[in-house]
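For reference, the structure discussed in these notes is given below.
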Amino acid sequence: MKNSLNKIAAVVFGSLLMLGLFSCEKHDLFDENTMTGDIGPQAYWEIGSSMVNAGADVSFTAQYYSTVSEIDHSEVWYKIEESLEKNVSCPWVTTFTYDISSSVTEEKRISQKIKEYPHELAAWNDSLHAYCFESTFPVSYTLSAYSWSKPAIMDTTLAERYFGQEYMQHFKDSLYTLMQFDDFQKMFLGLELLEDFKQYTDSTLDENAGENVYTYHFPKNEAGETPVPEDIRKMYEKISFYDLIFNTSTGVYDIEYKRSYGLEAVLRVYDTRGVYGTTIMKEISIN
């Protein structure tokens with residue numbers, strides 16, 4: 001009877017292997033997706049949820065079988081990825097919308113063993129022709145998601161920690177190159193840097209816009225150009241990054257920083273030779 005079960009299981013798991021549900025590997029320094037000459041146990045698992053709270057456990061069910069050697073134990077391994085999202089915008093411009101956003105995900109920790117599970121002969125399931133078990137693995141509470149978004153009171157220590165002076169200066173310099181007359185006027189009057197903008201204002205009749213329609217701009221130079229006046233440039237340089245992003249209509253600073261973590265987890269099933277088969281990788285988001 002046992003031999004019949006072995007033949008049936010070999011057919012079932014061989015089919016699953018062809019479908020890409022399993023992969024087998026040698027426990028060595030090769031990449032986890034590299035097939036070696038040794039055939040390891042065949043394994044399959046499902047996790048209870050693809051999202052988990054930091055500090056909680058992830059539940060899973062597993063099935064495995066070996067046609068070559070005796071099973072020894074199983075292990076859950078996972079690597080940690082960190083995602084950082086940043087966004088800053090300036091509410092003072094009228095001729096365009098200006099914001100700088102970035103989203104970066106990188107490996108925070110290489111794959112490591114998280115928990116080990118002993119092999120139990122009693123876990124054999126006749127109907128599935130495989131060993132089956134249910135268990136959990138832990139997720140550190142230090143991996144909780146974090147958000148610092150649109151504060152009403154600016155914490156400059158946090159701003160410099162999350163964005164840095166270089167980021168802030170780049171934001172300010174890039175904004176300046178895009179600003180037009182209307183943007184400077186709104187910003188300087190709104191920040192109360194000037195009581196009146198007339199001394200920096202000139203106008204030109206716009207014949208294409210209709211009768212007595214004028215466009216306003218900075219005074220023209222000898223070449224007929226309308227450069228930003230030197231006084232305006234110097235005043236802009238003195239404006240702080242924080243003043244540029246404060247939204248007076250909402251009473252908050254238009255700055256956001258979000259940090260989150262995710263796991264890429266696999267279950268390894270080892271035989272007594274030290275050869276293991278691995279399940280497909282599961283991605284898990286952490287709250």
Side-chain angles (χ1 to χ4, degrees), residues 47-58 78-110 114 137-180 182-193 235-265 281-287:
I47 57 174
S49 176
S50 60
M51 182 165 293
V52 64
N53 292 327
D57 289 334
V58 179
Y78 63 63
K79 71 176 182 178
I80 300 173
E81 292 193 331
E82 180 183 69
S83 296
L84 297 178
E85 296 180 39
K86 300 179 183 181
N87 184 76
V88 183
S89 60
C90 176
W92 294 109
V93 292
T94 60
T95 63
F96 62 101
T97 300
Y98 186 73
D99 62 67
I100 294 181
S101 300
S102 64
S103 180
V104 178
T105 298
E106 61 181 9
E107 187 176 272
K108 190 68 174 178
R109 196 190 72 189
I110 63 173
I114 304 304
F137 59 89
V139 175
S140 173
Y141 71 91
T142 62
L143 299 178
S144 58
Y146 172 77
S147 176
W148 184 63
S149 178
K150 297 184 181 296
I153 300 176
M154 175 54 63
D155 186 326
T156 57
T157 300
L158 290 182
E160 291 181 10
R161 179 189 304 167
Y162 298 147
F163 292 84
Q165 290 291 343
E166 184 176 345
Y167 185 103
M168 297 177 185
Q169 190 62 48
H170 171 70
F171 179 91
K172 185 175 178 178
D173 293 344
S174 299
L175 174 62
Y176 179 82
T177 63
L178 298 173
M179 290 178 63
Q180 304 296 318
D182 290 343
D183 304 311
F184 283 105
Q185 180 174 246
K186 177 183 178 180
M187 179 183 291
F188 280 49
L189 295 178
L191 293 175
E192 298 181 350
L193 298 178
M235 281 187 280
Y236 180 85
E237 290 178 350
K238 294 180 180 179
I239 301 174
S240 73
F241 166 79
Y242 304 107
D243 286 336
L244 289 176
I245 65 173
F246 184 69
N247 194 324
T248 55
S249 63
T250 60
V252 299
Y253 292 87
D254 287 342
I255 186 169
E256 296 179 279
Y257 172 88
K258 297 179 181 179
R259 182 180 65 233
S260 60
Y261 296 94
L263 308 178
E264 291 188 356
M281 182 267 292
K282 298 291 186 179
E283 295 184 349
I284 302 170
S285 301
I286 304 174
N287 287 325

Point-to-point distance, once rounded to the nearest 0.5 Å, from [atom1] of [X] to [atom2] of [Y]:
{"X": "L84", "Y": "S260", "atom1": "CG", "atom2": "OG", "answer": "8.0 Å"}
{"X": "I239", "Y": "L193", "atom1": "CD1", "atom2": "CG", "answer": "5.0 Å"}
{"X": "L263", "Y": "I114", "atom1": "CG", "atom2": "CD1", "answer": "8.0 Å"}
{"X": "W148", "Y": "R259", "atom1": "CH2", "atom2": "CZ", "answer": "12.5 Å"}
{"X": "K186", "Y": "L191", "atom1": "NZ", "atom2": "CG", "answer": "10.5 Å"}
{"X": "M187", "Y": "Y176", "atom1": "CE", "atom2": "OH", "answer": "11.0 Å"}

side-chain hydrogen bond (donor to acceptor under 3.5 Å, both in side chains) with [X]: which residues, sequence neighbours excluded?
{"X": "Q169", "result": "D173"}
{"X": "S50", "result": "none"}
{"X": "E256", "result": "S149"}
{"X": "S240", "result": "D243"}

Ring pair (Phe, Tyr, Trp, His ring centres under 6.0 Å) partners of [X], counting only residues at least two apart:
{"X": "F96", "answer": "none"}
{"X": "F171", "answer": "Y98, F241"}
{"X": "Y261", "answer": "none"}

Locate the shortest heavy-atom distance separating [X] from [Y]; write the atom from each residue and the value.
{"X": "L143", "Y": "I286", "answer": "O-CG2, 3.4 Å"}
{"X": "F246", "Y": "V252", "answer": "CD1-O, 3.7 Å"}
{"X": "C90", "Y": "L175", "answer": "SG-CD2, 3.7 Å"}

For residues 99-108, which side-chain donor-acceptor pairs fall under 3.5 Å, sequence neighbours excluded?
from: S101; atom 1: OG; to: N87; atom 2: OD1; distance (Å): 2.2
from: T105; atom 1: OG1; to: S83; atom 2: OG; distance (Å): 2.8
from: E107; atom 1: OE1; to: K79; atom 2: NZ; distance (Å): 3.4

Which residues pass the salt bridge (Lys or Arg N to Asp or Glu O under 4.0 Å) test with [X], not counting sequence neighbours?
{"X": "E237", "value": "R233"}
{"X": "K282", "value": "E46"}
{"X": "D254", "value": "K150"}

Atom pairs and distances, side-chain donor-acceptor, residues 154-163, under 3.5 Å, sequence neighbours left out:
from: D155; atom 1: OD1; to: T157; atom 2: N; distance (Å): 3.0
from: D155; atom 1: OD1; to: L158; atom 2: N; distance (Å): 3.2
from: E160; atom 1: OE2; to: Q165; atom 2: NE2; distance (Å): 3.1
from: Y162; atom 1: OH; to: Y146; atom 2: OH; distance (Å): 3.1

*In terms of side-chain heavy atoms, does D183 have a donor or acceptor partner in T95 at a distance below 3.5 Å?*
yes

